[in-house]
*Asks:* 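Take a look at this one; I'll ask things after.
Side chains included, hydrogens not; waters and symmetry mates left out as well; all remaining heavy atoms used. Just follow the structure's listing: the first ligand is 1, and inside any ligand the first atom is 1.
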Amino acid sequence: MPDSSVAEPKDSNPALDVIVIGAGFAGMYALHKLRGLGFRVRVFEAGSGVGGTWFWNRYPGARCDVESMEYSYSFSNELQQEWEWPERYAAQPEILRYAQHVAQRFDLMRDIQLNTRIIASVYERNANRWTITTDGGTSISAPYLIMATGNLSTPRVPDFKGLKSYRGKWYHTGYWPHEGVDFSGLRVAVIGTGSSAIQAIPIIAKQAKHLHVFQRTANYSVPAHNAPLDPDYVRRHKAEYPQRRRAAYDTPFGIAGYPPPTKPASEAPVEERISLYEDKWKQGGTIGFLYSYTDLLTSKDANDTAAEFVRNKIRGIVKDPATAELLCPKDHPIGTKRLCLDMGYYETFNRDNVTLVDARSTPIQVITPTGLRTSAQDYEFDAIVFATGFDAMTGALAEIDIRVQGGTTLREHWTAGPRTYLGIMVAGFPNMFLITGPGSPGVKSNMVVSIEQHTDFIADCLAHLRARGLGRIEAEQCAEDGWTEHVNDVANATLYPQANSWYMGANIPGKPRIFMPYVGGVHNYKKKCDAIAAGGYEGFKLTGADASNNVNPSTRHTGIATSNA
Ligand code: NAP
């Protein structure tokens, strides 16, 4: 809450060119990149450390579902050559250590203000400046504002009645205690069966006296087959890093090294299909599996072949037939919700101390002082884990009162769902950039690749403005309308809208149902962004710096400086 003792907000740092909100992977790279171009940048971060998602999501088993050699920055060859990833899929503590290392190695901390939540940001057209207000009541302003607030950074605990009365301990996976939680000997409930739960459940089950898993929607998961990385593989991969990083931009998901599918499932005989799915299952990983055939995400018949393969795997792994059938997803095509990656998830339901509860047919009605009550019975728990997800993609932006003075608020502009141009700018909100915003491929890609690509686009754009003595950029309304329609058209040509996913805003009661990510692929998206930049920023209105917005004049007209990477 604002500190009421602060009567008049004071601008604590008037000499800034760019304010960045968020010090996750996006904010950190934005700082590094823009600083390298001579911009004066300050980053504000609510947490007490850098790392964003990897700072907050410390639940047991948290691990990235993109392979660690790919889920890492490419902007510095020295960094990618030096850093040693121990495992195929990096665990949260390792990724956090990496983020901290990057912050230190590139001297980022001197321009990052931690423990500072931004509650408002207002753009004044005459002054051509954004002024942000911190939860401590301080105001800071700069001509440019970059929202690096993340897509999965607003944890959501459903509005269960009675939660305040609960006498045990409860946790949300996205807001996990730093000191960790020991569930040994406890009766534990996990509510939810999304990616977070699927990673946490096998570990919690090993500690708890008894674990009840409350599943509303069964989810598809494929094995990670995580293992220590082979030094020879790492050596070869590092030698190929420059080509691999370039190649990533020519792929739909921003990940190189997976041969793209060449034919539709409908053209493959049954035995061939099963054999291919079996190979992919043995290799592990979500990308490889979804890359089996060209039409898995566009044809329901094709999708059914992969979905049934996974259901048969579940039936083969889980010994109790009723539990196995309950774990078999049947209400959405595979891949239309984020495909999960697990380490022994289905096997966990063979343990004597684990019970699966069908929270669809017997919904949770109330949290009681000693546990919870479903429509069927009462349960007693010492601890409850909410693995209930996030107000995704728009949640963190909606928490900040973003407005144009005398004009509209972002919340109002997005009443019917988010609208952006390229997922990077919003019409009517000049000089405010989003990194991996709604309408971009961000969450449907290797996030680090998308973060770097967006940030490079924004940085080039700011350098372009500065070199021409311009000070204001805004997305044209017709460009935003056209892009938003395109994002919807591309999604509607796929199976994605058939799932009640967070991509659709379907997990938040009352949130508009609109498919938010761009699923046309990183390759197509980057080509579009490159063409727009090369054409002088088509769809954006660039205007003069009559408000003389004080962008560091020492670097004006110098074009793009060399990054110090
Ligand atoms: P999620 O996918 O949104 O899953 C939330 C779960 O909670 C769902 O099973 C949902 O059921 C359930 N739920 C919500 N409200 C409920 C209620 N009132 N009663 C019963 N169940 C309820 O959230 P998440 O697992 O945190 O994952 C979110 C995203 O984070 C992932 O999709 C992924 O992009 C990212 N993530 C990635 C990794 C990784 O890299 N490996 C790991 C974790 C998370 P319904 O499906 O019925 O709504």
Side-chain angles (χ1 to χ4, degrees), residues 25 52-54 56-68 70-71 88-92 95 150-161 163 171-176 189-201 212-224 226 253 255 284-287 327 329 331-332 335-343 345 356-367 372-375 384-393 395 436 442-448 499-509 511 516-517:
F25 274 49
T53 281
W54 303 105
W56 299 105
N57 285 265
R58 299 171 186 239
Y59 61 85
R63 196 177 281 280
C64 187
D65 57 6
V66 175
E67 296 194 32
S68 42
E70 303 294 339
Y71 189 88
R88 178 178 179 189
Y89 294 99
Q92 174 273 332
I95 306 176
N151 283 286
L152 293 160
S153 40
T154 311
R156 176 187 168 261
V157 175
D159 199 9
F160 285 119
K161 271 197 290 184
L163 184 55
Y171 310 92
H172 189 287
T173 49
Y175 196 69
W176 203 258
V190 170
I191 300 176
T193 48
S195 301
S196 303
I198 281 176
Q199 293 185 328
I201 283 165
H212 281 80
V213 175
F214 290 83
Q215 170 188 277
R216 194 166 60 181
T217 308
N219 234 322
Y220 299 93
S221 186
V222 297
N226 186 43
F253 300 113
I255 306 174
T286 59
I287 302 293
L327 285 166
D331 72 342
H332 62 284
T336 54
K337 284 187 168 196
R338 176 86 168 198
L339 184 56
C340 302
L341 188 73
D342 73 271
M343 291 167 67
Y345 173 64
L356 183 65
V357 181
D358 181 358
R360 170 80 56 196
S361 62
T362 58
I364 299 166
Q365 291 187 326
V366 64
I367 307 289
L372 63 80
R373 182 177 309 135
T374 67
S375 59
I384 300 177
V385 175
F386 293 101
T388 44
F390 301 85
D391 185 354
M393 305 196 71
T436 67
V443 295
K444 289 302 304 164
S445 72
N446 179 352
M447 279 304 280
V448 189
N500 287 324
S501 64
W502 57 259
Y503 299 140
M504 288 288 288
N507 64 327
I508 304 292
K511 191 165 172 170
M516 295 184 279

*Asks:* In chain order, what residues pass the ring pair (Phe, Tyr, Trp, His ring centres under 6.0 Å) check against W56, with sequence neighbours excluded?
*Replies:*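 By the ring pair (Phe, Tyr, Trp, His ring centres under 6.0 Å) rule, W56 matches Y175.
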*Asks:* Give me the ring orientation class for W176 and Y171: parallel if the planes are under 30° apart, tilted from 30 to 60°, perpendicular past 60°.
*Replies:*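 Taking Y171 first and then W176, their aromatic rings sit tilted (interplane angle of 30° to 60°).
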*Asks:* Near ligand 1, which residues have a heavy atom under 4.0 Å away from one of its atoms?
*Replies:*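 Heavy-atom contacts below 4.0 Å: Y59, R63, C64, D65, L152, R156, P158, F160, I191, G192, T193, G194, S195, S196, Q199, R216, T217, K337, R338, R360, A387, T388, G389, F390, W502.
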*Asks:* Tell me whether S445 contacts the main-chain N or O of G442 through its side chain, where contact means a donor paired with an acceptor under 3.5 Å.
*Replies:*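 Side chain of S445 to backbone of G442: a pair is present.
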*Asks:* In terms of side-chain heavy atoms, does T436 have a donor or acceptor partner in N151 at a distance below 3.5 Å?
*Replies:*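 Per modelled atom types, T436 and N151 side chains form a pair under 3.5 Å.
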*Asks:* If the test is side chain to side chain contact (heavy atoms under 4.5 Å, CB included), which one of K337, M516, K444 qualifies with Y503?
*Replies:*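 Going through K337, M516, K444 one by one, the side chain to side chain contact (heavy atoms under 4.5 Å, CB included) with Y503 is satisfied by K444 alone.
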*Asks:* Is there side-chain contact between H332 and Y220, with heavy atoms separated by less than 4.5 Å?
*Replies:*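 A side-chain contact exists here, since the closest heavy-atom pair is under 4.5 Å.
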